[in-house]
Structures are given as C-alpha cells and as structure tokens.
Q: 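Shown below is the structure under consideration.
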Amino acid sequence: MKITPLNQNIYNKTRNVTFGAKWHPTNNAAYRTIADATANGCARLMSTKSALKVADFVNRHTNKKPGLLNTHLIVLGSTLLSGFYIIKTLNNKDMDEKRRKTLALNQTLVYGVSTILAYAFDNWAMKKIDKVADKFVELNKDGDVTILKKFYPLEKEIQKANPQELVELYSKQIEKWKGAFGLAKSIMIGGLVYRFIAPVVVTPIANAISNKLQANKQAGQQPKKA
Amino acid sequence: MFYFKINSIAMNQRQEHMKTNFTDFHIPHSKRAYRPQEQESGVRRDEMRRGATACKQYNSEIIMNKPADKINFCGFLNTEKLLKSDGLKKVLDFANNQQLVFDATFALLLTCILRPLSIISLPSKKNKEDMKYASAHSIASGLIGFAISTAIFAPISSGIKKFTDTAQGKALKQAGKGLGRVPDIITAVPKGILTVALIPPILKYVFGIEKKGKKDATPAVPPLDYSLLNFKSSSLKTGQFASFKGGVY
C-alpha cells in the first residue's frame with residue numbers, strides 16, 4: 001500500500017499562474033526586447049562624433065527657451081509630411097495641371113498658417129504653463145511621499161527605499177512632473193493646431209485664397225491670349 | 001443650475017470673529033454685529049464705508065474691489081484639487097515616459113470627438129452625406145494613427161526613456177529630451193502613407209461608408225415608357241406598330 005502525504009502534490013501539478021497580477025507592458029518579452037534594443041542602439045548612436053555635434057548644436061540654441069524644442073521637432077515632422085504631400089500632388093499625373101497647382105498651393109498655405117499658429121500659441125501658453133507648474137510644485141512639495149510606492153510598483157529603487165531616501169526621490173520626481181507640464185503643453189498645442197484648427201478652420205480659408213489667386217491669375221492671362 | 005461658492009476674505013473673517021468673540025454670547029449669531037478691531041490711531045469705523053482705502057488701516061483688511069481668490073463651480077473645477085490629484089500626476093508621467101503615445105492619444109480625442117462634432121455643427125454648404133463621410137474619415141484616421149503609434153512607438157519610447165535615465169542620456173541635457181520625438185520624425189512619411197492607404201477599407205468594411213463618385217447629368221439608361229410595354233400607348237396605332245403581328249420586343 002502506497003501512502004502519499006497530503007502535501008505531496010503529484011496529481012495537481014501547480015502551473016505558473018498568478019492571480020490578481022495586472023498586465024504590464026514590461027511583463028511582455030517582445031516589448032522588453034525591443035525596448036532594450038532601442039536603449040542600446042541609442043547609446044551607440046549618441047556616442048558617435050556627429051551625434052554629439054548635433055546634440056551640442058541643439059543645447060546651444062535651446063538654452064534660452066528650452067520649452068520650444070518640442071515645438072521645433074513637431075514642426076519638423078509636419079514639414080517633412082507636408083513637403084511629401086505637396087511633391088506628390090505636383091507629380092500626380094491623374095490631375096490636370098491647374099488642379100495640381102491649386103491643391104499644392106492650398107497645402108502650402110495650410111502648412112504655413114498652421115506652423116505660425118503653433119509657434120504663436122506655444123509662446124502664449126509658455127508663461128501661463130510656467131505659473132501653473134510653479135503652483136503645482138508649491139502644492140505638492142509637502143505631499144505624501146508614499147504615493148511613489150503606489151505609482152511605481154516595479155521600480156526596485158523606490159520599493160526598497162527607506163523614508164529618508166523616499167523624500168529625496170519624491171523631490172526629484174516633483175521636478176520631473178514639473179518638466180512634463182511644458183512637454184504636455186507643446187504636444188497638445190501641436191496636436192490641436194495640426195489636427196483640429198488646420199483642417200477645420202484654416203483649410204476653408206486657404207481654399208478661398210488659392211481659388212482667388214487662381215482666378216486673378218487667369219484674369220491676368222486672358223488679355224494676353226486675346 | 002450652477003452657483004458660485006465664493007470664499008471671500010471678509011466672509012472668513014466674519015466667521016472667525018463669530019467663533020472667538022465670547023462677549024456677545026447672549027446675542028444670537030445672526031444678529032451679532034461684525035466689529036473689526038480698530039488700531040490705536042483711531043480711524044473711525046464710518047470712514048471704512050467710504051471705500052477700500054480706509055479699510056487698509058484695520059487689521060482685518062476688508063477688500064471690497066478685488067475678486068475672490070478661490071472659486072469653484074460646484075466643485076467641478078477646483079484648480080487646487082486638480083493640481084494635487086493623483087490623476088494629473090499619472091497623466092504627466094504618461095507624457096514624460098511615452099511622448100509619442102501621449103501625442104497619439106490626444107490626437108485620438110481630437111479626431112474622434114472634437115473634429116466630427118465641429119464638422120457636423122459648423123454651417124457648411126456640403127450635404128449630410130459628405131459631412132458624414134468627413135466625420136467617419138476623421139474617426140478612422142484617428143483610430144489608425146493611434147493603433148500604429150501605440151504598436152510601434154510604445155516599446156521604442158520605453159527604450160529611449162531607459163537610455164535618457166542613464167548617465168550618458170542625462171549628459172545630453174535638452175538634446176536627450178528631444179530624442180523622444182526622433183522616431184516620429186523618421187517615420188512621419190511612411191506612417192502618413194499607411195494611414196491614408198488604410199482609411200478607405202476601414203470606412204468601407206468597418207463603418208459601411210463608401211465615397212460615391214459624382215453623379216452624371218444624364219442617366220446611363222433612358223427612362224422606359226411603360227405605357228408602350230402595356231400596349232396602351234396611342235403610338236401603337238400608328239407607324240410600324242400598326243402592322244405588328246406578334247412577339248414581344
């Protein structure tokens with residue numbers, strides 16, 4: 001007769017199951033692989049001489065107004081995309097030449113006005129956001145430091161920190177949150193201008209202007225033909 | 001209905017005075033007069049009624065012309081509460097750690113909610129079908145942009161954040177912060193092409209909307225004269241039909 005102890009779990013093998021664990025992207029192996037590869041790639045790229053020259057150039061020119069760097073990058077991205085669409089429109093053989101030029105002019109006007117608006121709003125919002133960020137720091141500097149443990153359950157440095165270290169980490173985190181105000185402002189203003197104001201408000205105006213310019217051009221050409 | 005809950009300084013001081021002034025305990029609260037403390041210089045209280053400038057000589061500083069500092073609209077928009085809230089801190093973390101996904105999320109809100117509402121609500125010469133197509137186009141572009149950005153950029157943004165937290169990343173200062181947007185700049189054109197290419201099938205198969213071509217002035221098939229087919233037309237009695245003997249044309 002074979003007697004097995006009750007705690008010998010030979011019939012119900014335990015599987016690797018966690019109950020109540022929330023899915024987090026960093027639990028995914030593919031996510032971690034891509035993130036690690038990107039970090040290593042950035043480290044290699046930013047150690048080259050040309051990359052350091054570019055970084056130095058950026059630091060010198062954004063020293064006085066660091067908040068505008070994100071707006072510059074958003075405008076650069078939209079310049080590439082708009083430029084591609086304008087070139088594609090001009091080389092489109094399915095449309096007649098007049099229609100191509102009108103559409104390209106329309107796209108150029110929309111891009112130009114959107115860029116001006118993006119910089120104008122960003123400049124206007126900069127001082128207001130700085131006041132809000134200062135108010136945020138003033139209200140939260142004496143806040144509860146234990147929220148760091150709740151917000152970052154996977155950060156070992158925070159989870160193992162003693163109360164004194166936690167206070168230091170909290171003050172560093174407050175500075176990061178303060179910096180995020182400017183970042184969020186640039187992203188939101190860029191998105192608002194390029195994805196809402198430009199298509200809804202600027203496009204009809206640009207259409208009217210380009211149609212008028214084309215009409216004036218045709219009116220100017222007609223006496224020559226006669 | 002909304003109402004303003006204004007915490008003015010004068011109101012607070014009146015309440016404070018009511019709590020601490022025990023000499024008036026025999027008089028009900030509502031009937032106690034508010035007497036601000038006078039300084040030894042002896043400025044009379046009736047001078048206070050002339051304007052705010054006289055009030056400054058009192059310790060109480062009753063400010064009549066300045067608007068209230070703290071306003072909340074039924075508690076819906078309390079800026080102090082908002083700035084202290086955990087939700088705002090999580091949003092700031094999200095913006096800091098995942099710039100591109102934050103950008104795509106905000107774009108999703110704009111293209112799926114704000115832009116369709118403005119297309120439908122603004123007066124336009126276009127007909128309802130065109131407006132419906134434009135709204136669906138906007139929603140589709142937002143969803144596709146969000147899906148592509150999240151799938152491609154989320155791990156890349158994490159990797160860049162990981163790099164910028166190292167000593168080498170911190171040494172780059174401002175340039176390191178701008179590194180988060182570089183993938184978006186590099187993939188701007190391919191992402192735009194992919195989004196534009198995916199919109200028509202999404203509209204057709206998900207929303208069931210297809211952009212119809214322009215209608216021609218003349219229809220392809222001429223209208224049939226059904227009276228001719230029913231053999232009731234008067235033209236049947238004249239011409240070739242008069243000699244028609246059988247069969248249907």
Side-chain angles (χ1 to χ4, degrees), chain A residues 25-26 28 30-43 46-47 52 54-59 62-63 66 69-70 72-74 76-78 80-81 84-85 132 135-136 139-140 143 147 150-151 173 176-181 183-184 187-188 190-192 194-196 199-200 204, chain B residues 79-80 83-84 86 88-97 99-100 102-104 106-107 109-111 114-115 118-119 122 124 138 141-142 145 154-164 166 168-169 171-185 188-189 191-193 196:
Chain A
T26 51
N28 187 289
Y31 187 98
R32 267 182 288 149
T33 311
I34 296 170
D36 291 341
T38 310
N40 293 333
C42 285
M46 296 315 290
S47 56
L52 287 170
V54 170
D56 189 44
F57 172 82
V58 168
N59 284 332
T62 56
N63 216 4
L69 175 63
N70 266 296
H72 290 322
L73 292 169
I74 290 167
L76 180 62
S78 75
L80 289 170
L81 195 59
F84 171 74
Y85 283 136
V132 174
K135 183 86 180 169
F136 171 83
L139 289 170
N140 288 289
I147 57 164
K150 193 174 80 175
F151 278 8
Q173 190 60 43
K176 283 186 190 173
W177 281 330
K178 188 185 173 185
F181 269 100
L183 192 65
I187 291 172
M188 287 164 80
L192 200 67
Y194 284 105
R195 293 173 206 274
F196 179 67
V200 175
Chain B
T79 47
E80 262 193 43
L83 289 173
K84 282 184 183 177
D86 287 351
L88 178 67
K89 288 165 188 163
K90 284 184 180 172
V91 169
L92 292 172
D93 261 344
F94 181 37
N96 222 3
N97 297 336
Q99 282 185 43
L100 299 174
F102 179 78
D103 190 5
F106 186 68
L109 292 171
L110 287 174
T111 53
L114 201 61
R115 202 161 139 193
S118 58
I119 287 168
L122 283 176
S124 171
S138 170
S141 71
I156 293 172
S157 291
S158 291
I160 292 172
K161 186 80 184 75
K162 210 172 170 179
F163 166 72
T164 50
T166 59
Q168 188 185 359
L172 294 170
K173 295 174 193 171
Q174 283 297 320
K177 287 178 187 175
L179 202 58
R181 284 220 74 92
V182 169
D184 189 43
I185 293 167
V189 172
K191 204 175 84 172
I193 295 168
V196 167

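Residue numbers begin at 1 in each chain, while the letters A, B, ... track the order of the sequences. Just so it is clear, the values below take in all heavy atoms, side chains as well, and ignore hydrogens, waters and symmetry mates.
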Q: Quick check on the interface: out of B/Thr164, B/Asn96, B/Leu88, who has the most heavy-atom pairs with chain A under 4.5 Å?
A: B/Asn96
Q: Among the options B/Ala175, B/Gly176, B/Pro155, pick out the one with the most heavy-atom pairs lying under 4.5 Å from chain A.
A: B/Pro155
Q: At a 4.5 Å cut-off on heavy atoms, which part of A/Ile147 comes close to chain B: side chain, backbone, both, or neither?
A: side chain
Q: Please report the closest heavy-atom contact between A/Leu81 and B/Val189, naming both atoms and the distance.
A: CD1-CA, 3.9 Å
Q: Considering all heavy atoms of both residues, which atom of A/Asn59 and which atom of B/Leu172 are nearest to each other, and what is their separation?
A: ND2-O, 3.0 Å
Q: Please rank A/Leu52, A/Asn40, A/Asp36, A/Thr38 by heavy-atom pairs under 4.5 Å with chain B and give me the top one.
A: A/Thr38
Q: Taking the side chain as C-beta and beyond, is there a heavy-atom pair between B/Leu179 and A/Met46 under 4.5 Å?
A: yes
Q: Under 4.0 Å between a Lys/Arg side-chain N and an Asp/Glu carboxylate O for A/Lys176 and B/Asp93?
A: no
Q: What part of B/Ile156 is in contact with chain A, defined as an atom under 4.5 angstrom from a non-hydrogen atom: side chain, backbone, both or neither?
A: both
Q: Quick one: do A/Leu73 and B/Val182 satisfy side-chain contact (heavy atoms from CB on, under 4.5 Å)? Show the steps, please.
A: CA-CA 8 Å; A/Leu73 292 169; B/Val182 169; 5.5 Å; no
Q: Which one of A/Trp177, A/Phe84, A/Tyr85 has the most heavy-atom pairs closer than 4.5 Å to chain B?
A: A/Trp177
Q: Sort A/Leu69 into side chain, backbone, both or neither according to what part of it lies under 4.5 angstrom from a heavy atom of chain B.
A: side chain
Q: Which atoms of A/Phe181 come close to chain B, meaning under 4.5 Å heavy atom to heavy atom: side chain ones, backbone ones, both, or neither?
A: both
Q: Within a 6.0 Å radius of atom CZ on A/Phe57, are there more than 12 heavy atoms belonging to other residues, nucleotides or ligands?
A: no
Q: Which atoms of A/Asn140 come close to chain B, meaning under 4.5 Å heavy atom to heavy atom: side chain ones, backbone ones, both, or neither?
A: side chain
Q: Below 4.5 Å from any heavy atom of chain A, which atoms of B/Asp103 appear? Answer side chain, backbone, both or neither.
A: both
Q: To check you understand the geometry: which heavy-atom pair defines the closest contact between A/Ala39 and B/Lys162, and what is its length?
A: CB-CB, 4.1 Å
Q: Residues in side-chain contact (heavy atoms from CB on, under 4.5 Å) with B/Ala95, at least two apart?
A: A/Ala184, B/Phe102
Q: Report the distance from atom CG of B/Leu83 to atom CG of A/Leu139, rounding to the nearest 0.5 Å.
A: 5.5 Å
Q: Does any backbone or side-chain atom of A/Leu192 lie under 4.5 Å from a heavy atom of chain B? Answer side chain, backbone, both or neither.
A: both
Q: Could you have a look at A/Gly191, A/Cys42, A/Ala55 and say which one has the most heavy-atom pairs with chain B under 4.5 angstrom?
A: A/Cys42
Q: With a 4.5 angstrom heavy-atom cut-off, could you sort out which part of A/Ser78 is near chain B: side chain, backbone, both or neither?
A: neither
Q: For a side-chain contact (heavy atoms from CB on, under 4.5 Å) check, start with the C-alpha distance between B/Asp86 and A/Lys150, then their side-chain angles and the critical distance, and finish with the verdict.
A: CA-CA 10 Å; B/Asp86 287 351; A/Lys150 193 174 80 175; 3.1 Å; yes
Q: Testing the basics here: between B/Gln168 and A/Ala43, what is the closest heavy-atom pair and its distance to 0.1 Å?
A: NE2-O, 3.1 Å
Q: Using atom types as modelled and distance alone, determine if a side-chain donor or acceptor of A/Tyr31 lies under 3.5 Å from a backbone N or O of B/Ser158.
A: no
Q: Under a 4.5 Å heavy-atom cutoff, which of B/Leu109, B/Ile193, B/Thr111 has the most pairs with chain A?
A: B/Ile193
Q: Under the criterion side-chain contact (heavy atoms from CB on, under 4.5 Å), I'd like the reasoning laid out for B/Leu92 against A/Phe136: C-alpha separation, chi angles, the key distance, then a yes or no.
A: CA-CA 12 Å; B/Leu92 292 172; A/Phe136 171 83; 4.1 Å; yes
Q: Find the distance between CZ (B/Arg181) and CD1 (A/Ile74) and round it off to the nearest 0.5 Å.
A: 4.5 Å
Q: Shortest non-hydrogen contact from B/Lys89 to A/Phe151?
A: CB-CE2, 3.6 Å
Q: Less than 4.5 Å to any heavy atom of chain B: does that hold for the side chain of A/Leu183, its backbone, both, or neither?
A: side chain
